[in-house]
Amino acid sequence: MPRRSKTPETVAATQPRFLVEPDGFLNVPVSRKTRDDIHHLKKSMRVSSQAEVIEKAVAIVRAIDLAARGEE
């Protein structure tokens, strides 16, 4: 049975929103340890890119920050 080709709609439905609607790029220097840790988190989180690791990590830290301040 042949594989169905991917259409933009099916690709968008399977991608996280930040990949579908990127809003910018971060280009910052990091230490070797940080780069290695991001690589390990990529495997642990079972994601396919460093961008996804950063997106998830920021969301987690932001949620902790809001909870600590008693905000939503």
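Quick caveat: nothing in here was measured; it's all calculated off a predicted structure.
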Side chain E55, main chain A51, donor-acceptor under 3.5 Å: no
What residues form a side chain to side chain donor-acceptor pair (under 3.5 Å) with R46, not counting sequence neighbours? none
Connected via hydrophobic side-chain network under 4.5 Å: I60 and V47: no
Of all heavy-atom pairs between E52 and S48, which one has the smallest distance, and what is that distance? OE1-OG, 2.9 Å
With a 4.5 Å cut-off on side-chain heavy-atom distances among I, L, V, M, F, W and Y, is there a chain of contacts connecting L66 to V61? no
Identify each donor-acceptor pair in which a side-chain atom of residues 33-42 lies under 3.5 Å from a protein atom, sequence neighbours left out, and give them as a table.
| unit_1 | atom_1 | unit_2 | atom_2 | d |
| --- | --- | --- | --- | --- |
| K33 | NZ | D37 | OD2 | 2.9 |
| T34 | OG1 | S31 | OG | 3.1 |

